[in-house]
Structure formats: structure tokens, C-alpha cells
Amino acid sequence: MTATSAAADSATVRADIAGAKRVVVKVGSSSLTTLDGGLDESRLVALTDVIAAHRAEGREIILVSSGAIAAGLEPVGLRRRPRDLATQQAAAGVGQGLLMAAYARALGRFDLVPSQVLLSADDLIRRTRYKNAQRAIDRLLSLGTLPIVNENDAVATEEIRFGDNDRLAALVAHLSHADALVLLSDVDALYTGPPSQPDARRIDHVAGPDDLGAVAIGGVGTAGTGTGGMATKVDAALMVTDSGIPAVLTSADRVGDVLTGGSAGTSFAVTHRRRGTRLLWLRHLAKTFGSVTIDDGAEAAVRSRGTSLLAAGVVGVEGDFEAGDPVEIRNTGGQIVARGMTNFSAAELPTMFGLTTEELGTRLGSDYRKEVIHRNDLVLTHVSERS
């Protein structure tokens, strides 16, 4: 992409953000806390001032806010974010109420009512719960409240948590049919390296994952209370753009500029039409439990023709997974071709290598006369390097 076309693409994204009727704004702990780790209400007030102004113009804002654990540190006698899950849960249990109280005070100046929405990974992965969450947020918006979403940290476990609110924000944008996602950090944009380095260059626009090849992404917020670094924010931006939603990444103090179409931050262009929630989760969030290796013919069929993966094309298996688990699909060179939900366990698959569907039924029984991974449970990925 030429500099001129990149600038035009960026301008289009920023115009889309400015014209978005429903926007998800995500703010991290590092943008709401002091250097000592406590909640900084002056920062929270500054954010709500901007949100209230856009609400007054008729826009719908959904705020995904971190900060519960940070708000609970001082009241429970902690000086820094705990590492163990149980203490994090305890701090979140205390801090979530304090965080919502702070938002209620700040928004009350504009006669805005905050509504608390606590979600777990299961709420956005399982269809029944997903629909319930969707209806709840839609109704809260129709009643004129400001939904404030957070992961349910007080009960989330390592196995069923998002890991950070950036990915949660991406899923909430998808769930709520938002028109845009704005990710707020304590850094004003994405850079080619740590912003403190003299040779670090700001990236104005990302047209797709290929633009990130030379970018060194890492680090955490300066306040030390967040779990997400720049990598998780980029992941979240790529996730929503992969589902038809434009995104901008910037610092919390520049949110007003971004919401009005300004040039602050880094814009991310849409790369794919809207995906189903299951495939979005599978592509970006699912923890894989192993991999299957496929031959060249199966790779061509999966990549080019969108077919299901059949046992006839499987030549290898790694890991310890059960039927229904997410797995990686690799070619013979070790490159990741796709991800999918397997119909068979790692123990079963070696007996099925190279067999047609009819042969499977004849040799192993009718239960085996089906795809290893159905095309509705398979999604191509951008990942190409052996892990």
C-alpha cells in the first residue's frame, strides 16, 4: 500500500469512527490509576466528560472498563496487584463496587445512569448466554443508561477468563453490533518499538496483519496495574476488524479527538465481513489442545475450496485432545493453516489416517463416518510460522 492510499484508507476509518452510532470504548487500568496503583478519579472524570458529550449528541456508548482490582487494592491493604488468582478475585470483589460508585458520581453530573455488566468467557462463547448478554446490553441502551462492562474477575478462573479486557471489548463490540471500537491506553498510538526509543516510529494506520511484520509489540501500562500490553490491544483491534468493525488505538486523553474523526492514534481498517461469534472465538481466543497435520491436497481443499477436513487428508497428530476441543491444522511444513473443533480425539485419529469416509464407516463403525473437522467449525488463520 502506498503512502497516499494508506492515508486515504486511514481517513476512511476515522470518518467511520466519527459517524458511528454505537461505539465500544475500552479503557485500561493504567489509564485510570495513579502511579501508586490506586484509582485516579480525576482521570475517570475526564473520560466521562467526553463520553457524556457524545451521549448528548445521540450516540450510544458502551464502556468496557478495567480498574476493579486496582480500586480494591488499598481497601484490602495491598500495595500492588497480586499475582495469585484468589487475591485478585478478592480485590476485584471489593473494587468493582468502588469503581462503579466512582462512575456513578462522575456520570451523575450529567444525569447519566451507569449500568453494570459483568461477563465471563462462557457468556460470550455459549450461544444461549451470548443471546442473553446481547439482549441485556440492547435493553440497557434503550433505557438510556451507560453500560459499563468488565470481566467478572471475582469468580473468573484461569481456564475460563478472557485474560484482559481488550479481547473482552472486541467480543462486546461484536455482540452489540457496534459500529466502531476505540481502545484506550497510556500510549498515544502504536509504534514500531518502545516509544521511549529515539528510532521508534508512530504507525498511523494498519490495513491488515501484514502491516505489523516489523513492529516490536510488548510492555504493560506505566501504572503497573493492568494485565494487557500493546500486544493484546493489537490483537483486539485485529479481531474486530476481522469481523467488519473499524478500530482506533490511542491514549485516554485523546479519546475526544478520535470520536470526532481526528488523527490521533493508530487506525485499523476492516479486513473481513462480520463473522459468526463461534468462528471469531475459534480464530482469535480459543486455547488449542494440539494439532493435526494434513497433506498438500487437504491443505488446498481447506484453503481454496472451503471444504471440511476429512481423515483421508490427515497424516499426523500432536497433543492430547478430546472430541470437541479446538486444535490447530498444520501443513507438512509445520505452518498453521487453520483452527477447528475436532470430532475425534488424539487417540482415535491415528487409526483413521488416509481413510475415506466410506472406509471409516466400514472398518470402524457408523459413528466414524463423518468429517474430522466440519467446515462450519473451521476457520483459516493468518498465522504461518511454526510455534
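Residue numbers count from 1 along this sequence.
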Q. Are Ile294 and Met352 connected, step by step, through hydrophobic side chains (Ile, Leu, Val, Met, Phe, Trp, Tyr) whose heavy atoms are closer than 4.5 Å?
A. yes

Q.
Can you give me the closest heavy-atom contact between Leu183 and Ala237, atom names plus distance?
A. CD1-N, 3.9 Å

Q | Residue list, side chain to side chain contact (heavy atoms under 4.5 Å, CB included) with Phe110, at least two apart or on another chain | A | Asp49, Ala52, Leu112

(Q) When you group the ILVMFWY residues by side-chain heavy-atom contacts below 4.5 Å and let the links chain together, are Leu171 and Leu141 in the same group? (A) yes

Q) Under 4.5 Å between side-chain heavy atoms, hopping through other hydrophobics if needed: is there a path connecting Met239 to Val24? A) yes

Q) So do Asp138 and Arg22 actually touch side chain to side chain, heavy atoms under 4.5 Å? A) yes

Pairs under 3.5 angstrom only: tabulate donor-acceptor contacts from the side chains of residues 366-379 to other protein residues two or more places apart or in another chain.
residue	atom	partner	partner atom	Å
Tyr368	OH	Glu348	OE2	3.0
His374	ND1	Asn376	N	2.9
Asp377	OD1	Arg278	NE	2.9

Q. Are the side chains of Leu107 and Val113 in touch, meaning some heavy atoms are under 4.5 Å apart?
A. no

(Q) Would you compute the distance between atom CG of Asn132 and atom CG of Leu119 and round it to the nearest 0.5 angstrom? (A) 11.0 Å

Q) How far does OG of Ser291 sit from CZ of Arg330, to the nearest 0.5 angstrom? A) 5.5 Å

Q.
How long is the straight-line distance from CG of Leu99 back to CG of Leu44, given to the nearest 0.5 Å?
A. 6.5 Å

Q. For the side chain of Arg274 and the backbone of Asp242, is there at least one donor-acceptor N/O pair under 3.5 Å apart?
A. no

Q | Leu360 CG to Thr356 OG1 distance, which is reported to the nearest 0.5 Å | A | 6.5 Å

(Q) The criterion is side chain to side chain donor-acceptor pair (under 3.5 Å); which residues satisfy it with Ser142, sequence neighbours excluded? (A) Arg139

Q. Quick one: does Thr266's side chain have a donor or acceptor within less than 3.5 Å of a partner on Ile203's backbone?
A. yes

Q. Mind checking whether Leu184 and Leu32 sit in one hydrophobic cluster, side chains of I, L, V, M, F, W, Y counted as touching below 4.5 Å?
A. yes

Please list, one pair per line, the donor and acceptor atoms closer than 3.5 Å that link side chains of residues 61-72 to other protein atoms, with sequence neighbours excluded.
residue	atom	partner	partner atom	Å
Ser65	OG	Tyr103	OH	2.8
Ser66	OG	Asn165	ND2	2.9

Q. Residues two or more places apart in sequence or in another chain: which of them pass salt bridge (charged side-chain N to carboxylate O under 4.0 Å, His left out) with Glu41?
A. Arg105

Q. Taking the side chain as C-beta and beyond, is there a heavy-atom pair between Leu349 and Val292 under 4.5 Å?
A. yes

Q) So do the side chains of Val337 and Val302 get within less than 4.5 Å of each other, counting heavy atoms only? A) yes

Q.
Could you measure the distance from the CG atom of Leu238 to the CG atom of Leu212? Nearest 0.5 Å is fine.
A. 5.5 Å

Q. Can you find a heavy atom in the side chain of Val327 that is under 4.5 Å from one in the side chain of Arg339?
A. no

Q. Closest approach of Ala104 and Pro114, non-hydrogen atoms and distance?
A. CA-CG, 3.8 Å

Q: Give a yes or no on whether a salt bridge exists between Lys21 and Asp179, defined as a side-chain N under 4.0 angstrom from a carboxylate O.
A: no

Q | Val23: which of Glu60, Arg59, His54 passes side chain to side chain contact (heavy atoms under 4.5 Å, CB included) | A | Arg59

Q: Check step by step if side-chain contact (heavy atoms from CB on, under 4.5 Å) holds for Val206 and Leu190.
A: CA-CA 10 Å; Val206 175; Leu190 177 64; 4.3 Å; yes

Q.
Show the nearest heavy-atom pair for residues Pro246 and Ile17, with the distance to one decimal.
A. O-CD1, 4.1 Å

Q: Using modelled atom types only, decide if a donor and an acceptor are shared between the side chain of Arg55 and the backbone of Gly144 within a distance under 3.5 Å.
A: yes

**Q.** Residues which pass salt bridge (charged side-chain N to carboxylate O under 4.0 Å, His left out) with Asp325, listed by chain and number, not counting sequence neighbours
**A.** none

Q. Do you see a donor-acceptor pair shorter than 3.5 Å between the side chains of Thr87 and Asp84?
A. yes

Q | Residues Lys26, Asp166; criterion side-chain contact (heavy atoms from CB on, under 4.5 Å); working and verdict | A | CA-CA 7 Å; Lys26 185 270 173 179; Asp166 298 310; 3.0 Å; yes

Q.
Do Glu299 and Gln335 pair up side chain to side chain, a donor and an acceptor below 3.5 Å, judged on atom types alone?
A. no

Q) Do any N or O atoms from the side chain of Thr145 and from the backbone of Leu140 form a donor-acceptor pair under 3.5 angstrom? A) yes

Q. Listed by chain and number, what are the side chain to side chain contact (heavy atoms under 4.5 Å, CB included) partners of Pro350, not counting sequence neighbours?
A. Val317, Phe353

Q) If we only count heavy atoms from C-beta on, is the Asp296 to Thr332 side-chain gap below 4.5 Å? A) yes

(Q) With a 6.0 Å cut-off (strictly less than), is the heavy-atom count around CZ of Arg109, excluding the residue itself, greater than 12? (A) yes

Q.
Could you work out, with side chain to side chain donor-acceptor pair (under 3.5 Å) as the rule, every residue matching Arg79, not counting sequence neighbours?
A. none

Q. Any salt bridge (Lys or Arg N to Asp or Glu O under 4.0 Å) pairs touching residues 192-209, not counting sequence neighbours?
A. Arg14-Asp204, Arg202-Asp204

Q: Answer yes or no: is there a donor N or O on one side and an acceptor on the other, between the side chain of Ser31 and the main chain of Val27, under 3.5 Å?
A: no

Q: With sequence neighbours excluded, tell me which residues meet ring-ring contact (aromatic ring centres under 6.0 Å, His included) with Phe289.
A: none

Below 3.5 Å, can you tabulate the donor-acceptor pairs from side chains in residues 249-265 to any protein atom, sequence neighbours excluded?
residue	atom	partner	partner atom	Å
Thr250	OG1	Asp188	O	2.9
Ser251	OG	Asp253	OD1	2.5
Asp257	OD2	Ser263	N	3.3
Asp257	OD2	Ala264	N	3.0
Thr260	OG1	Gly256	O	3.0
Thr260	OG1	Asp257	O	3.0

**Q.** Exam field: side chain Thr342 to backbone Phe344, donor-acceptor pair closer than 3.5 Å
**A.** yes

Q: Enumerate the residue pairs fulfilling salt bridge (Lys or Arg N to Asp or Glu O under 4.0 Å) with a member in residues 62-76, sequence neighbours excluded, ordered by first and then second residue.
A: none

(Q) Quick check against the 3.5 Å criterion: does Gln134 have a side-chain atom that pairs as donor or acceptor with the backbone of Leu175? (A) yes

Q) Minimum heavy-atom separation for Ile245 to Ala173, with atom names? A) CD1-O, 3.6 Å

Q.
Please give me the minimum heavy-atom distance between Ala102 and Leu39, naming the atom from each residue.
A. CB-CD2, 4.0 Å

Q | Reported CZ-to-CD distance for the pair Arg167 and Glu151, which is rounded to 0.5 angstrom | A | 11.0 Å

Q: Please tell me if the side chains of Val172 and His174 come closer than 4.5 Å, counting only heavy atoms from C-beta onward.
A: no

Q) Within a strict 4.5 Å, meaning less than it, do heavy atoms of the Leu146 and Ser115 side chains meet? A) no

**Q.** Closest approach of Arg303 to Leu380 (non-hydrogen atoms, all atoms of both residues)
**A.** O-CD1, 3.9 Å

Q: State whether the side chain of Gln88 and the backbone N or O of Pro82 hold a donor-acceptor pair below 3.5 Å, judged by distance alone.
A: yes

